[in-house]
Engineer: 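Have a look at this one before I ask anything.
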Amino acid sequence: MNTGLFIIAHAPLASALRDCVLHVFPESASGIVALDVPPNEAPETTQATAAALLAQLHTPQTLVLTDVFGATPCNVAQKVVDGVQSKLVAGVNLPMLLRTINYGHEPLDALVARALAGGAQCIMQVAVTAPQNQIKKSNDHHLHDHHQ
């Protein structure tokens with residue numbers, strides 16, 4: 001992977017997202033860092049930590065992903081991202097991260113487009129069938145419906 005990923009989000013989301021990605025792509029561990037921003041931490045402290053983590057990635061380019069535009073993690077990320085070797089996307093979700101890992105060999109601008117597409121395309125309403133409309137098999141005698 002040519003591009004490092006840096007997730008900055010409200011605690012414990014960043015670490016949780018990183019753990020989910022590593023569950024699917026454990027070989028990507030060295031290229032993904034996470035910063036959980038605790039409540040009530042001074043933005044200057046978070047910014048210093050973010051700058052140090054960004055430097056630790058040692059990748060030619062870095063995609064920085066935050067959870068909420070305008071919140072502290074995003075505001076901090078805006079101060080450490082240079083817009084050339086590192087780019088910032090807000091609204092991180094797991095499909096976005098998985099798409100990004102799959103296309104990590106692409107140039108940074110293309111990777112930003114992949115992240116945006118992956119995040120947006122995987123948000124959908126899913127139709128469900130109500131349990132009372134499902135057909136039970138005749139050998140499911142041990143199963144019981146629990147209605148309240």
Side-chain angles (χ1 to χ4, degrees), residues 1-131 133-134 140 142-143 145-148:
M1 196 167 137
N2 298 333
T3 302
L5 290 179
F6 184 12
I7 308 164
I8 305 175
H10 292 88
L13 184 58
S15 293
L17 286 169
R18 183 179 187 274
D19 290 346
C20 289
V21 169
L22 295 182
H23 176 78
V24 180
F25 297 105
E27 70 281 1
S28 300
S30 64
I32 306 170
V33 295
L35 174 59
D36 290 313
V37 179
N40 305 319
E41 181 173 84
E44 298 79 21
T45 303
T46 304
Q47 184 177 341
T49 304
L53 286 171
L54 187 61
Q56 285 178 11
L57 272 172
H58 301 297
T59 54
Q61 53 190 19
T62 303
L63 180 57
V64 180
L65 303 163
T66 67
D67 52 359
V68 180
F69 176 76
T72 300
C74 185
N75 294 339
V76 165
Q78 286 179 291
K79 293 177 181 172
V80 298
V81 168
D82 65 12
V84 178
Q85 300 299 348
S86 55
K87 303 252 176 150
L88 175 61
V89 173
V92 66
N93 61 34
L94 187 55
M96 177 188 292
L97 283 167
L98 296 175
R99 175 80 55 100
T100 303
I101 294 294
N102 278 311
Y103 293 96
H105 60 280
E106 292 187 355
L108 187 55
D109 287 333
L111 197 58
V112 167
R114 295 277 191 187
L116 293 171
Q121 291 170 356
C122 292
I123 297 173
M124 64 189 80
Q125 181 177 1
V126 178
V128 296
T129 302
N133 295 335
Q134 294 178 1
D140 285 347
H142 65 281
L143 298 176
D145 287 332
H146 297 282
H147 298 281
Q148 294 183 359

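Residue numbers run from 1 in the order of the sequence given.
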Engineer: Once side-chain contact (heavy atoms from CB on, under 4.5 Å) is applied, do any residues pair with A120, and if so which ones, sequence neighbours excluded?
Structural biologist: none

Engineer: D82: what forms a side-chain contact (heavy atoms from CB on, under 4.5 Å) with it, not counting sequence neighbours?
Structural biologist: V84, Q85, S86

Engineer: Just so I know, are the side chains of L97 and I7 near enough to count as touching, which here means a heavy-atom distance under 4.5 Å?
Structural biologist: yes

Engineer: Please, which pairs that meet side-chain hydrogen bond (donor to acceptor under 3.5 Å, both in side chains) have at least one residue in residues 42-57, sequence neighbours excluded?
Structural biologist: E41-T46

Engineer: Show your working on side chain to side chain contact (heavy atoms under 4.5 Å, CB included) between V64 and V89 and close with a plain yes or no.
Structural biologist: CA-CA 6 Å; V64 180; V89 173; over 6 Å; no

Engineer: Is there a side-chain contact between F25 and N102 in this structure, where contact means two heavy atoms from C-beta onward sitting under 4.5 Å apart?
Structural biologist: yes

Engineer: Any side-chain heavy-atom pair from V37 and V76 closer than 4.5 angstrom?
Structural biologist: no

Engineer: Under a 4.5 Å cut-off applied to non-hydrogen side-chain atoms, are L65 and F6 in contact?
Structural biologist: no

Engineer: Does any part of the side chain of T66, heavy atoms only, come nearer than 4.5 Å to the side chain of V92, both counted from C-beta?
Structural biologist: no

Engineer: For the residue pair A14 and D36, what are the closest heavy atoms and their distance?
Structural biologist: N-OD1, 3.0 Å

Engineer: Determine whether D109 and K87 satisfy the following criterion, side chain to side chain contact (heavy atoms under 4.5 Å, CB included), listing intermediate values before the conclusion.
Structural biologist: CA-CA 8 Å; D109 287 333; K87 303 252 176 150; 2.5 Å; yes

Engineer: Sequence neighbours excluded, which residues qualify as side-chain contact (heavy atoms from CB on, under 4.5 Å) partners of N93?
Structural biologist: P95, M96, I123

Engineer: First locate atom CZ of R114, then atom OG1 of T3, and finally report the distance between them rounded to the nearest 0.5 Å.
Structural biologist: 12.5 Å

Engineer: Measure across L53 and A34 and return the closest heavy-atom pair with its distance rounded to 0.1 Å.
Structural biologist: CD1-O, 4.0 Å

Engineer: Less than 3.5 Å apart, any donor N or O on the side chain of H10 or D67 sitting next to an acceptor on the other?
Structural biologist: yes

Engineer: Grab the two heavy atoms, one from A50 and one from I8, that are nearest each other, plus how far apart they are.
Structural biologist: CB-CD1, 4.2 Å

Engineer: How long is the straight-line distance from CG of L94 back to SG of C20, given to the nearest 0.5 Å?
Structural biologist: 5.5 Å

Engineer: Looking at side-chain heavy atoms only, is the closest gap between L13 and P73 below 4.5 Å?
Structural biologist: no

Engineer: Given side chains that start at C-beta, do those of I32 and L22 come closer than 4.5 Å, heavy atoms only?
Structural biologist: yes

Engineer: By side-chain contact (heavy atoms from CB on, under 4.5 Å), which residues pair with A51, not counting sequence neighbours?
Structural biologist: V80

Engineer: Measuring from L108:CG to T59:OG1, what's the distance to the nearest 0.5 Å?
Structural biologist: 9.5 Å

Engineer: May I ask you to decide if A29's main-chain N or O and R18's side chain share a donor-acceptor pair within less than 3.5 Å?
Structural biologist: yes

Engineer: Kindly compute the distance separating CG (L116) from CD (Q121), expressed to the nearest 0.5 Å.
Structural biologist: 10.5 Å

Engineer: Kindly compute the distance separating OG1 (T62) from CG (L88), expressed to the nearest 0.5 Å.
Structural biologist: 12.0 Å

Engineer: If you look only at pairs with a residue in residues 70-80, which of them pass as a side-chain hydrogen bond (donor to acceptor under 3.5 Å, both in side chains), with sequence neighbours excluded?
Structural biologist: none

